[in-house]
Amino acid sequence: MLSRRIFIAGAGTSLLAPVLPAHAHDADFRLEPRFEPQSVRFGGYAPGTIVVDPRNHYLYWTETPARARRYGVGVGRAGLAFRGEAVIRRKAEWPSWRPTDNMIRRNPARYAKYANGVPGGPGNPLGSRALYLYRGNRDTMYRIHGTTEPESIGRSVSNGCIRMLNAHVEDLYDRVPIGTPVVVLG
């Protein structure tokens, strides 16, 4: 059963939001409270849209025209981050992973050994869930996914994908249907 904690959102409005475990394998990790999932005032996008704010390291799942569920994320480092609009066309639990050809080219010492892929599971860099971003019918190769590096939440360190704690991406995964629009702010 999830514990509950009160979060403050907007001008004096308190809301209950579940406190989800940050990472089952790292008892010493502590997530900054601002990156915990919480309901906040948020507008300008249709309900059911995911909006990622890379500068502030937040992902918003719009629930109403004026409210969203906000999560903390890790994003791509300068020059590697996805920007613009996409649609979730595929979802996977415990996804397999293969570094892109560009990742292998940029850093062969780190990524060439994974050229044949990594099966899904607790040690996989995509974590427990992945939401695949497409433009039209073309896979952008960018994902919203879990992570084996919880300390990367709130930082710009990835090869461009949007990282979430495994428990948080599992929560989002259950809420988001195929066809969900995604906007990544520039």
Side-chain angles (χ1 to χ4, degrees), residues 19-38 40 50-61 68-86 88 90-135 139-173 176 182-186:
V19 176
L20 302 172
H23 192 265
H25 304 299
D26 189 350
D28 294 332
F29 175 73
R30 297 289 178 255
L31 186 66
E32 287 183 49
R34 69 187 178 107
F35 293 131
E36 290 286 352
Q38 52 197 285
V40 297
I50 291 175
V51 180
V52 179
D53 177 357
R55 288 188 187 154
N56 293 303
H57 299 97
Y58 292 130
L59 178 149
Y60 299 89
W61 164 243
R69 185 163 178 82
R70 186 181 77 191
Y71 304 84
V73 296
V75 296
R77 60 184 173 263
L80 299 177
F82 178 86
R83 299 283 188 264
E85 297 181 10
I88 295 171
R90 181 173 168 237
K91 295 169 45 169
E93 295 184 17
W94 294 108
S96 60
W97 171 77
R98 181 195 178 279
T100 65
D101 291 340
N102 285 338
M103 289 169 68
I104 295 170
R105 244 187 318 280
R106 275 193 308 270
N107 193 340
R110 181 170 185 185
Y111 295 114
K113 61 187 168 194
Y114 303 117
N116 292 325
V118 177
N124 185 301
L126 292 186
S128 62
R129 303 289 184 274
L131 306 170
Y132 295 74
L133 305 182
Y134 281 70
R135 284 190 171 146
D139 184 351
T140 65
M141 304 306 288
Y142 290 97
R143 318 282 184 244
I144 298 170
H145 63 79
T147 185
T148 56
E149 300 173 332
E151 67 281 356
S152 67
I153 302 305
R155 301 176 61 204
S156 301
V157 296
S158 78
N159 278 290
C161 289
I162 300 147
R163 298 176 176 192
M164 301 176 73
L165 295 182
N166 283 331
H168 298 177
V169 76
E170 290 168 18
D171 180 64
L172 180 67
Y173 182 97
V176 172
V182 177
V183 177
V184 181
L185 304 174

Any side-chain heavy atom of I162 sitting closer than 4.5 Å to one from R143?
no

Test item: W94 and P122 side chains (from C-beta on) under 4.5 Å apart, heavy atoms:
yes

Heavy atoms, side chains only, cut-off 4.5 Å: are V184 and E85 in contact?
no

Which of V169, V157, L59 passes side chain to side chain contact (heavy atoms under 4.5 Å, CB included) with R163? It is V157

Heavy-atom distance under 4.5 Å between the side chains of V52 and L185, does that happen here?
no

Distance-only donor-acceptor check, side chains S128 and H145, under 3.5 Å
no

Heavy-atom nearest pair, M164 first then L172, reads SD-CD2, 3.7 Å

When you look at Y58 and R34, which way does the side chain to side chain contact (heavy atoms under 4.5 Å, CB included) test go after all the steps?
CA-CA 9 Å; Y58 292 130; R34 69 187 178 107; 3.5 Å; yes

In chain order, what residues pass the ring-ring contact (aromatic ring centres under 6.0 Å, His included) check against Y114, with sequence neighbours excluded?
W97

How far does CD of E36 sit from CD1 of I153, to the nearest 0.5 angstrom?
11.0 Å

Can you confirm whether D53 sits close enough to R55 that some side-chain heavy atom of one is under 4.5 Å from a side-chain heavy atom of the other?
yes

Heavy-atom closest pair (S156 atom, H57 atom, distance to 0.1 Å) is OG-NE2, 3.0 Å

Are any non-hydrogen side-chain atoms of R69 and P37 less than 4.5 angstrom apart?
yes

Would you call the rings of Y71 and H168 parallel, tilted or perpendicular if under 30° counts as parallel and over 60° as perpendicular?
tilted

For G127 against N166, the heavy-atom pair lying closest together
CA-OD1, 3.3 Å

With a 3.5 Å distance limit and no angle check, can you tell me whether N124 reaches the backbone of L126 through a side-chain donor-acceptor pair?
yes

Side chains of R135 and T140: is there a donor and an acceptor less than 3.5 Å apart?
no

Scan residues 99-111 for pairs that pass side-chain hydrogen bond (donor to acceptor under 3.5 Å, both in side chains), counting only residues two or more places apart or in two chains.
R98-D101, N102-R105, R106-N159, Y111-N159

Can you find a pair of side-chain heavy atoms, one from Y60 and one from V40, that are under 4.5 Å apart?
yes

Considering all heavy atoms, the nearest F82-G84 contact
CE2-O, 3.9 Å

For T147, is there any backbone N or O sitting under 3.5 Å from a side-chain donor or acceptor partner on E149?
no

Could you walk me through whether V183 and I50 pass the side chain to side chain contact (heavy atoms under 4.5 Å, CB included) test, one step at a time?
CA-CA 6 Å; V183 177; I50 291 175; over 6 Å; no

Within the 4.5 Å heavy-atom criterion, are C161 and I144 side-chain neighbours or not?
no

Within 45 degrees of the ring normal and closer than 6.0 Å to the centroid, is that where the cationic atom of K91 sits relative to Y132?
no

